[in-house]
Amino acid sequence: MPFDIQVTRTREPKPRPPAGDLGFGRFYSDHLFLADHEGRGWQNPRIVPHGPIPLDPAASALQYAQAMFEGMKAVPGERGPLLFRPQMHIRRFNVSARRLCMPEVPEEDFLHALRALVREDASWVPTEPGASLYVRPTMIGTEAYLGVRPSRKYLLYVLTSPVGNYFGPRPTPLRLWVETEHVRAARGGIGAAKAGANYVAGMAAAERAKKAGFHQVIWLDQNHQHVEEAGTMNVFFRIGDTVVTPPLEDSLLAGVTRDSVLHLLREWKVKVQERPVSIAEVAEASARGELKEAFGTGTAATVSAIGELQWGEKVMRLGDARGEIAERLYRTMMELFGSRRPDRRGWLVPVDPS
Ligand SMILES: Cc1ncc(COP(=O)(O)O)c(C=O)c1O
């Protein structure tokens with residue numbers, strides 16, 4: 001028996017934001033899903049109006065960053081909203097939970113909760129091309145206790161937010177700064193968990209890069225040699241006729257879009273390698289004219305072409321147009337999200353099981 005969810009509907013539904021104003025994460029739909037854990041499994045699953053949650057100032061989420069999240073999208077379908085690869089996001093949520101000493105959520109219960117919430121706020125799923133309902137499951141330690149050990153109380157909640165394209169309505173290829181001072185995550189750390197702490201680790205460098213006119217940072221490993229990922233994306237390089245992406249390590253996020261893109265590339269018989277790629281190799285390929293494309297992948301970013309990389313004094317220019325493979329991947333993903341392409345892999349899961 002999955003969660004028996006109590007539903008309290010809002011009495012004050014909010015007006016929908018104008019389609020052109022969505023941006024990313026600025027608006028929230030009407031409801032939240034919540035459940036509590038105090039050592040005896042998840043209790044009191046409920047859907048309530050979106051609003052503040054009470055939290056003790058000593059909560060472990062606030063004191064020791066016992067906090068994590070997921071990010072997935074819901075898109076409109078002919079018979080109600082569709083969630084993109086929710087099971088893979090749930091599995092990654094539980095990987096993060098284990099790493100941060102937090103309780104896991106049974107997959108069946110979690111999927112049931114996501115479906116119930118998105119069904120409740122189905123009218124918040126935007127229908128404009130490129131827009132979606134971003135679904136943000138979150139778990140925080142809530143016990144008020146200052147000793148350093150895992151919290152004995154947790155809150156699981158899921159909020160949803162109608163979003164447009166992460167990089168704006170008509171994104172041009174991105175300018176990325178290769179960071180050589182700060183490191184986002186080291187081997188053995190929590191980089192593969194979707195922990196809020198990983199994002200704050202990157203903020204200073206990201207802000208510095210933004211001030212210098214870059215969209216995001218490319219993170220290198222702890223030795224400042226190998227490429228790991230970008231601020232909110234996994235990264236791919238087309239060197240000659242081969243698409244190369246860094247392998248999954250415990251210092252970077254195992255992107256769901258990365259996995260989807262790898263499936264598509266292999267289906268299209270494009271040569272793909274998941275292997276360590278040093279920034280020096282990328283720079284040398286660029287100098288030889290062999291760096292044909294670079295792109296980032298992510299739930300919010302979909303497939304975003306990279307037009308320029310700066311590594312110290314070296315500027316690697318890829319041009320203003322999306323590369324051939326990035327363009328094909330982007331188009332394919334958009335067609336899939338817009339139900340204009342058959343979903344042969346069953347990646348889109350209806351929120352209405354009927
Ligand atoms: C640090 C980081 N890497 C990679 C990704 C891409 O992961 P996914 O494709 O699952 O959204 C994200 C974003 O969501 C991210 O925040």
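All ligand and atom numbering here is 1-based and tracks the order in the structure. Sequence positions, counted from 1, serve as the residue numbers for this chain.
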Open item on the list: For the residue pair Arg149 and Tyr145, would you count it as a cation-pi contact if the rule is NZ or CZ under 6.0 angstrom from the ring centre and within 45 degrees of the ring axis?
Closed with: yes
Modelled atom types, side-chain donor and acceptor of Tyr330 and Arg328, under 3.5 Å = no
- Under 3.5 Å, is there a donor-acceptor pair between the Lys14 and Tyr28 side chains? no
Item to check | Arg344, CZ: over 12 other non-hydrogen atoms inside 6.0 angstrom | outcome: no
Residue pair Arg187, Glu228: steps toward the salt bridge (charged side-chain N to carboxylate O under 4.0 Å, His left out) verdict:
CA-CA 11 Å; Arg187 296 287 151 83; Glu228 299 238 298; 3.2 Å; yes
Can you list every pair where an N/O of ligand 1 is under 3.5 Å from an N/O on the protein?
from	atom 1	to	atom 2	distance (Å)
ligand 1	3 (N)	Glu229	OE1	2.5
ligand 1	9 (O)	Val256	N	3.3
ligand 1	9 (O)	Thr257	N	2.9
ligand 1	9 (O)	Thr257	OG1	2.6
ligand 1	10 (O)	Arg92	NH1	2.8
ligand 1	10 (O)	Arg92	NH2	3.1
ligand 1	10 (O)	Val256	N	2.7
ligand 1	11 (O)	Thr299	N	2.8
ligand 1	11 (O)	Thr299	OG1	2.6
ligand 1	14 (O)	Lys194	NZ	3.2
ligand 1	16 (O)	Lys194	NZ	3.3
ligand 1	16 (O)	Tyr199	OH	2.6

Please lay out, stage by stage, how Glu181 and Arg208 fare under the test salt bridge (charged side-chain N to carboxylate O under 4.0 Å, His left out).
CA-CA 11 Å; Glu181 186 192 340; Arg208 197 178 346 101; 3.5 Å; yes
